[in-house]
Undergrad: 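The structure under discussion is supplied below as structure tokens; questions concerning it will follow.
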Amino acid sequence: MSSEYTRLFPVADLSPGQAKAVEIDGVDLLVCNAKGDFYAVQNMCTHQKAKLEGGRIRNCFISCPVHGVMFDLKTGVPKGTMTTIPLKTYDLRVVDEHLEVCVKDNTLA
């Protein structure tokens with residue numbers, strides 16, 4: 001696994017239930033806070049290619065703001081029947097109270 005992490009922003013800048021879109025090395029991703037746990041996923045619904053930014057985060061799932069497709073933030077796996085294609089997920093860590101993400105070794109859940 002790569003150790004190429006990019007520092008994003010302070011943990012305190014992302015409250016529970018919030019998400020923030022960032023672009024790293026041409027990769028559009030969404031950093032999410034689900035009740036104090038942080039996740040990074042691709043910022044594109046696999047159903048109809050809509051941005052996930054602005055989607056509701058609830059119980060470690062994010063819902064697409066366009067059609068409501070829900071994705072597990074831990075695994076990227078969708079819930080329901082609108083799509084079977086999971087989101088890409090990215091390694092995220094906290095270092096010195098800042099979030100850092102690695103886009104080099106993203107994985108499909």
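Along the sequence shown, the residues carry numbers beginning at 1. Reckoned from all heavy atoms, side chains included, excluding hydrogens, waters and symmetry mates. Just so you know, these numbers come straight off a predicted model, no measurement behind them.
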Undergrad: Minimum heavy-atom separation for L14 to F38, with atom names?
TA: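 Closest approach of L14 to F38: O-CE2, 3.9 Å.
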
Undergrad: Is Q42 reaching over with its side chain to a backbone N or O of K88, donor-acceptor style, under 3.5 angstrom?
TA: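 Yes, Q42 side chain to K88 backbone: donor-acceptor pair under 3.5 Å.
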
Undergrad: Partners of H67 by ring-ring contact (aromatic ring centres under 6.0 Å, His included), sequence neighbours excluded?
TA: H47

Undergrad: At their closest point, which heavy atom of V69 faces which heavy atom of C45, and how far apart are they?
TA: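 Result for this residue pair: CB-SG, 4.3 Å.
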
Undergrad: For C32 and I57, which heavy atoms make the closest approach, and how far apart are they?
TA: CB-CD1, 3.7 Å

Undergrad: For residues 30-57, pull every pair meeting salt bridge (Lys or Arg N to Asp or Glu O under 4.0 Å), keeping only residues two or more places apart or in separate chains.
TA: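 Salt bridge (Lys or Arg N to Asp or Glu O under 4.0 Å) check on residues 30-57 returns D28-K51.
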
Undergrad: Indicate the atoms forming the closest heavy-atom contact of V95 with R93, along with that distance.
TA: CG2-NE, 3.6 Å

Undergrad: Please list all pairs passing the side-chain hydrogen bond (donor to acceptor under 3.5 Å, both in side chains) test where one or both residues lie in residues 16-26, with sequence neighbours left out.
TA: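 Checked against side-chain hydrogen bond (donor to acceptor under 3.5 Å, both in side chains) - neighbours excluded - the pairs reaching residues 16-26 are D25-K104.
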
Undergrad: When rounded to the nearest 0.5 angstrom, what is the spacing between CG in L30 and CD1 in I62?
TA: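 The CD1 atom of I62 is 5.0 Å from CG of L30, to the nearest 0.5 Å.
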
Undergrad: Applying side-chain contact (heavy atoms from CB on, under 4.5 Å), run through V22 and V31 and close with a yes or a no.
TA: CA-CA 7 Å; V22 295; V31 179; 4.1 Å; yes

Undergrad: Using side-chain contact (heavy atoms from CB on, under 4.5 Å) as the criterion, list what pairs up with P10, not counting sequence neighbours.
TA: D13, H98

Undergrad: Given the rule that I, L, V, M, F, W and Y join up when any side-chain heavy atoms are under 4.5 Å apart, are L29 and V94 in one cluster?
TA: yes

Undergrad: Just so I know, are the side chains of Y90 and V27 near enough to count as touching, which here means a heavy-atom distance under 4.5 Å?
TA: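 Yes, their side chains come closer than 4.5 Å.
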
Undergrad: Starting from F61 and following side-chain heavy-atom contacts under 4.5 Å between hydrophobic residues (I, L, V, M, F, W, Y), which residues can be reached?
TA: M70

Undergrad: Using the test side chain to side chain donor-acceptor pair (under 3.5 Å), find all partners of T83 that sit at least two apart in sequence or belong to another chain.
TA: T46

Undergrad: Any side-chain heavy-atom pair from R7 and D96 closer than 4.5 angstrom?
TA: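 Yes, their side chains come closer than 4.5 Å.
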
Undergrad: Mind listing the closest non-hydrogen atom pair of L92 and A40 along with its distance?
TA: CD2-N, 4.1 Å

Undergrad: Are M82 and F71 linked, directly or through intermediate hydrophobic residues, by side-chain heavy-atom contacts shorter than 4.5 Å (ILVMFWY only)?
TA: yes

Undergrad: Using every non-hydrogen atom in the two residues, find where L73 and Y39 come nearest and quote the distance to one decimal.
TA: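 For L73 versus Y39, the nearest heavy atoms are O-CD2, 3.6 Å.
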
Undergrad: Under 4.5 Å between any side-chain heavy atoms of T6 and V103, yes or no?
TA: no

Undergrad: Between L99 and F9, is any pair of side-chain heavy atoms under 4.5 Å apart?
TA: yes

Undergrad: Hey, does V101 have a side-chain heavy atom less than 4.5 Å from the side chain of D91?
TA: no

